[in-house]
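Protein chains get the first letters and strands the later ones, always in sequence-line order, with residue 1 at the start of each.
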There are 2 protein chains.
Amino acid sequence: MPQVPPSSREKILSVAEALFARRGYTGVGISTVAEASGLGKSSLFHHFPSKASLYCAVLLGVLARIESRVLPALEKSGTSEQKLGNVVDALIDALAEHPTSARLLLREVFEEPDPALSAAPEAAEIDARLAGMIDGVAAILEAGVASGQFRKVGIPDLLQTIIGATVYHFASGDFGEKLLGASLFSAAAVARRKREVKTLLSNGLMPEARRSVAEES
Amino acid sequence: MPQVPPSSREKILSVAEALFARRGYTGVGISTVAEASGLGKSSLFHHFPSKASLYCAVLLGVLARIESRVLPALEKSGTSEQKLGNVVDALIDALAEHPTSARLLLREVFEEPDPALSAAPEAAEIDARLAGMIDGVAAILEAGVASGQFRKVGIPDLLQTIIGATVYHFASGDFGEKLLGASLFSAAAVARRKREVKTLLSNGLMPEARRSVAEES
DNA sequence: ACCTTACCCGACCGATCGATCGGTCGACAA
DNA sequence: TTGTCGACCGATCGATCGGTCGGGTAAGGT
């Protein structure tokens, strides 16, 4: 299927992903996407039936790329700690490989969706894909608690921390590079990020977690 | 100055903050804000000269609340580690006290601003306030490195982690509560978040940082 | 030769956007 | 009573939104 010259549909998708990631769903008009794709506005509606459908197609592509990394990691065997580490590595690799995906994902998770978007027929599949990956991680955590490898802990908080630290890291790439003067996408930065997240996990999950900060209240 | 019945201007500001935080600048129309405030659309323009000005007023209010907590913490004396800890506590307290502020701030940091917004006269002051707080934290980090308390480290990465973990924690409150079934704003959750961030800081900043995860590459 | 299919375009539609207009109302002062 | 003011409103503006329509062009099958 893949063609050497990118087809119009693929061109539209990549352009739309970059625009939606930066300015959000309501912030990008159809005509803007069309112009950036080198097409007329009406030509867009030949490939996608509506703006909401276009956005969902972009998001499904992002999810597919992430799943292609995360799902294999979910199925690899090992201790709960190893499995969780593999998933974290896969997620970080997927986000580092495609930084705009992180922005889109961050928006999808913390932003109230546009009414037109939640009414789209693809919305259910998007929710299912997201829930599938979340459930996969939750299953690892629960298995770890059941086998005694992990101590019982506030799983929501921990997921927030993981998602927050990793996704936000890549989502704010421009901010980090412009204001702070360093690349967040270099191999060294990605490797450091993996270690940081795993340190966070150890401190939060391991039964004999050493406390490096005094406990209060 | 404060009146027992909230003035129209304050009512508009609080309503607009909630709406902008959830749906973004382009996602909220003037008529929506007016209707939610119990006013006619044209009455909004009596209090604010433009939509961009209204958004900036909301954002400046958020920044003022955060500054009222963070700036005193920046001026307290102590070791670099203590000062950094105070700032982190102040930031977390400010965000926990006003969760919608976190959403607005997250959006402001990682989202490309609308052209109408960057052209607003208040934009310069907003940037200055943000840069002021960032510079204050950076100064603490640099002083710590100069005095040998902190090891030289990728400050951008570290700031990303802190901002990501804290801001995202509160920005995605609804997500956490609805999908994962726990409150992120309870006193216990806030205290746990403070410890997590400080653990992260210790691991990233201290010269004798113990590594709990094997180093790679 | 003809028809189909895919792809693309300019012109256009109703709805909504941010913003402006002229004007109403009550409070207060002279 | 008259004048002035801030607060507020309905009606309306031009621009833009997402989306439709009919027509055009090139390729391929028969």
Side-chain angles (χ1 to χ4, degrees), chain A residues 1-17 19-20 22-59 111-123, chain B residues 1-17 19-20 22-59 111-123:
Chain A
M1 299 322 165
Q3 295 159 324
V4 184
S7 74
S8 289
R9 183 186 163 92
E10 290 167 354
K11 173 79 174 177
I12 294 171
L13 281 175
S14 79
V15 162
E17 178 177 339
L19 286 172
F20 282 140
R22 287 179 190 278
R23 291 187 260 185
Y25 180 73
T26 55
V28 179
I30 289 283
S31 54
T32 305
V33 179
E35 192 175 346
S37 305
L39 289 179
K41 185 174 66 164
S42 4
S43 303
L44 274 192
F45 288 94
H46 176 76
H47 299 274
F48 301 94
S50 69
K51 183 191 181 187
S53 183
L54 167 61
Y55 183 86
C56 289
V58 168
L59 200 57
E111 192 158 311
E112 178 174 293
D114 192 275
L117 272 180
S118 19
E122 299 92 337
Chain B
M1 298 319 165
Q3 295 158 325
V4 184
S7 75
S8 288
R9 182 185 164 92
E10 291 168 354
K11 172 79 173 178
I12 293 171
L13 281 175
S14 79
V15 163
E17 178 177 338
L19 286 172
F20 283 140
R22 287 180 189 277
R23 292 188 250 177
Y25 179 73
T26 54
V28 179
I30 289 283
S31 53
T32 305
V33 179
E35 192 176 344
S37 305
L39 290 179
K41 186 170 64 166
S42 25
S43 303
L44 276 194
F45 289 95
H46 178 75
H47 297 276
F48 301 94
S50 69
K51 184 192 181 186
S53 183
L54 167 61
Y55 184 86
C56 289
V58 168
L59 199 57
E111 192 158 313
E112 179 174 292
D114 192 274
L117 271 180
S118 18
E122 300 92 336

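- Look at A:His46 and you won't find any side-chain N or O under 4.0 angstrom from OP1 or OP2 of C:dC9.
- In this structure, CG of A:Leu39 is placed 17 Å from P of C:dA6, rounded to the nearest angstrom.
- With rounding to whole Å, A:Phe48 atom CZ is found 12 Å from C:dC7 atom P.
- Across all their heavy atoms, A:Ala34 and A:Lys41 have their closest contact at CB-CA, 3.7 Å.
- A distance of 11.5 Å separates OG of A:Ser53 from CG of A:Leu44, quoted to the nearest 0.5 Å.
- Put simply, CD on A:Glu35 is 12 Å from P on C:dG10, counting in whole angstrom units.
- Contact check, A:Ser43 against C:dC7: no side-chain N or O comes under 4.0 Å of OP1 or OP2.
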Step-by-step side chain to side chain contact (heavy atoms under 4.5 Å, CB included) determination, A:Ile30 to A:Phe48 = CA-CA 11 Å; A:Ile30 289 283; A:Phe48 301 94; over 6 Å; no
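- Checked by atom type and distance alone, the side chain of A:Tyr25 pairs as donor or acceptor with a backbone atom of A:Ala52 at under 3.5 Å.
- Contact annotation: A:His47 reaches the phosphate of C:dC8 (side-chain N/O to OP1 or OP2, under 4.0 Å).
- With contacts defined as side-chain heavy-atom distances shorter than 4.5 Å, the pair A:Arg23/B:Thr26 does not qualify.
- In this structure, CG on A:Leu59 lies 10.5 Å from CZ on A:Phe20, to the nearest 0.5 angstrom.
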What one-letter contact string describes nucleotides 14-20 of chain C from 5' to 3', where B marks a base within less than 4.0 Å of any protein heavy atom, S marks contact via sugar-phosphate atoms alone, and - marks no contact?
-> ---SBBB
